[in-house]
Amino acid sequence: MTTATKEKINTKIEKSFPMPKPAAWPTSLEARHFVPLADKMGGDDIGKAVFETASRAMENAENAVNQITQAEHAVQVEQLALEKSGQSNQRLVQKEGKIYAVGGKFGELAQLSDKVLGKEQERMDAAVRRVATHEENMVKLMDAKLVCKDTQADAPLRSDLRNWLKALGPNKAKYEAVKAATEGNLAIIHTILTSPAVLSGLTQADLDTVRTEARKKLAPDLFQAHQQTGTILATMIKASKAIGQKRSSVDVYRLKDESDANSALGKLKGMARA
């Protein structure tokens with residue numbers, strides 16, 4: 001008499017695993033949404049690098065997920081046809097006097113999909129790190145434009161400017177500081193941003209406003225590219241999470257395949273005991 005067995009079988013699986021609804025790549029994360037950003041990344045190489053890195057990563061992720069979704073549809077159609085004809089998803093083979101359940105298309109789909117999505121998620125995360133590095137470099141380049149070497153070498157001038165601002169009172173001091181930033185007055189900008197806020201009668205929030213307005217005035221292309229890069233990064237992080245969610249959803253096929261194998265072997269064992 002042959003013995004019905006299966007290596008590494010999870011005999012605790014009792015629940016039924018229905019086929020999941022194949023989920024395509026979210027429309028909000030489609031690579032086409034990045035196209036309008038190309039003109040907003042400025043003419044600098046760093047902006048182009050961000051756009052190219054992000055666009056390529058998003059397009060590859062979209063293609064991978066949609067290819068897997070198509071495979072899901074195909075396998076599910078085949079499975080439905082098998083069920084209608086009364087056939088099992090599992091194949092049973094006999095080897096050396098033992099019966100083995102050979103995994104069906106569900107198990108193969110889960111295994112291949114996890115491998116593809118795992119690589120794609122690693123690539124997306126690597127792209128996120130590259131874009132984040134570019135973002136940091138943008139900040140360094142912008143802030144380098146806010147340095148005034150003459151003012152840096154003139155301590156008395158810096159002291160006079162701080163005392164002048166502080167004597168105006170908080171509201172007027174903020175007004176003059178922001179005005180200097182929007183006009184690109186590098187001497188005042190440099191003095192404010194390289195001194196403790198209290199020495200100029202300002203708050204930390206005032207300094208942040210001055211820095212933002214000064215970057216916008218003195219490095220407009222970089223500023224715009226930096227703003228877009230923040231949006232791009234947020235989208236890429238969402239994309240990485242979407243890939244992870246897809247990996248979790250296709251893992252149900254592995255569980256279903258294992259459940260079907262248990263069921264097929266269980267029926268065979270029952271026949272052997274009869």
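The first residue of the sequence shown is numbered 1, and numbering continues consecutively from there.
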Legend entry - Set of residues satisfying side chain to side chain contact (heavy atoms under 4.5 Å, CB included) with respect to K216, sequence neighbours excluded: E213, F223
Legend entry - Spacing of L146 atom CG and K217 atom NZ [to the nearest 0.5 Å]: 13.0 Å
Side-chain donor-acceptor contacts of residues 173-188 below 3.5 Å, not counting sequence neighbours, with atom names and distances?
residue: T182; atom: OG1; partner: V178; partner atom: O; Å: 3.2
residue: T182; atom: OG1; partner: K179; partner atom: O; Å: 2.9
residue: N185; atom: OD1; partner: A187; partner atom: N; Å: 3.4
residue: N185; atom: OD1; partner: I188; partner atom: N; Å: 3.4

Inset, instruction - Kindly say whether L202 contributes a backbone atom to a donor-acceptor pair with the side chain of D206 at under 3.5 angstrom? - result: no
Inset, instruction - Could you list the residues that satisfy side-chain hydrogen bond (donor to acceptor under 3.5 Å, both in side chains) with Q76, not counting sequence neighbours? - result: Y253
Legend entry - All salt bridge (Lys or Arg N to Asp or Glu O under 4.0 Å) counterparts of R158, not counting sequence neighbours: none
Inset, instruction - Please list all pairs passing the salt bridge (charged side-chain N to carboxylate O under 4.0 Å, His left out) test where one or both residues lie in residues 52-70, with sequence neighbours left out. - result: none
Inset, instruction - Classify the side-chain pair Q121/R247 by whether it contains a donor and acceptor separated by less than 3.5 Å. - result: yes
Inset, instruction - State whether E108 and K105 are salt-bridged, where the test is any N-O pair (Lys NZ or Arg NE/NH1/NH2 against Asp/Glu carboxylate O) under 4.0 Å. - result: no
Inset, instruction - Ignoring hydrogens and angles, tell me if any N or O in the side chain of S249 forms a donor-acceptor pair with the backbone of K246 under 3.5 Å. - result: yes
Ignoring hydrogens and angles, write down the donor-acceptor pairs under 3.5 Å from the side chains of residues 29-41, residues two or more places apart or on other chains.
residue: E30; atom: OE1; partner: R32; partner atom: NE; Å: 2.4
residue: E30; atom: OE1; partner: R32; partner atom: NH2; Å: 3.1
residue: H33; atom: NE2; partner: T27; partner atom: O; Å: 2.8

Legend entry - Atom pair NE2/CG of H190 and L161 - distance to nearest 0.5 Å: 10.5 Å
Inset, instruction - Of all the heavy-atom pairs spanning E72 and A23, show the shortest one and how long it is. - result: OE2-N, 4.3 Å
Legend entry - All side-chain hydrogen bond (donor to acceptor under 3.5 Å, both in side chains) counterparts of S248, not counting sequence neighbours: none
Legend entry - Distance-minimising heavy-atom pair for A49 and H134: CB-NE2, 3.7 Å
Legend entry - Between CD on residue E120 and CG on residue N63, distance to nearest 0.5 Å: 8.5 Å
Legend entry - Residue list, side chain to side chain contact (heavy atoms under 4.5 Å, CB included) with A24, at least two apart or on another chain: N66, T69
Inset, instruction - State which residues pass side chain to side chain contact (heavy atoms under 4.5 Å, CB included) with L199; sequence neighbours excluded, sorted by chain then number. - result: R162, P196
Legend entry - With D208 via salt bridge (Lys or Arg N to Asp or Glu O under 4.0 Å) - residues at least two apart: R211
N/O donor-acceptor pairs under 3.5 Å from side chains in residues 232-241, not counting sequence neighbours:
residue: T235; atom: OG1; partner: T231; partner atom: O; Å: 3.0
residue: S240; atom: OG; partner: D125; partner atom: OD1; Å: 2.7

Legend entry - Pairs touching residues 127-156 that satisfy salt bridge (charged side-chain N to carboxylate O under 4.0 Å, His left out), sequence neighbours left out: D143-R215
Legend entry - Side chain proximity check, Q111 to R254, heavy atoms < 4.5 angstrom: no
Legend entry - Side-chain donor/acceptor of S159 to backbone N/O of A155, under 3.5 Å: no
Legend entry - Approximate separation, where rounding is to 0.5 Å, of T133 OG1 and I46 CD1: 9.5 Å
Inset, instruction - Hey, could you give me the CG/NZ distance between N163 and K166, rounded to the nearest 0.5 Å? - result: 8.0 Å
Legend entry - Approximate separation, where rounding is to 0.5 Å, of I189 CD1 and T194 OG1: 11.5 Å
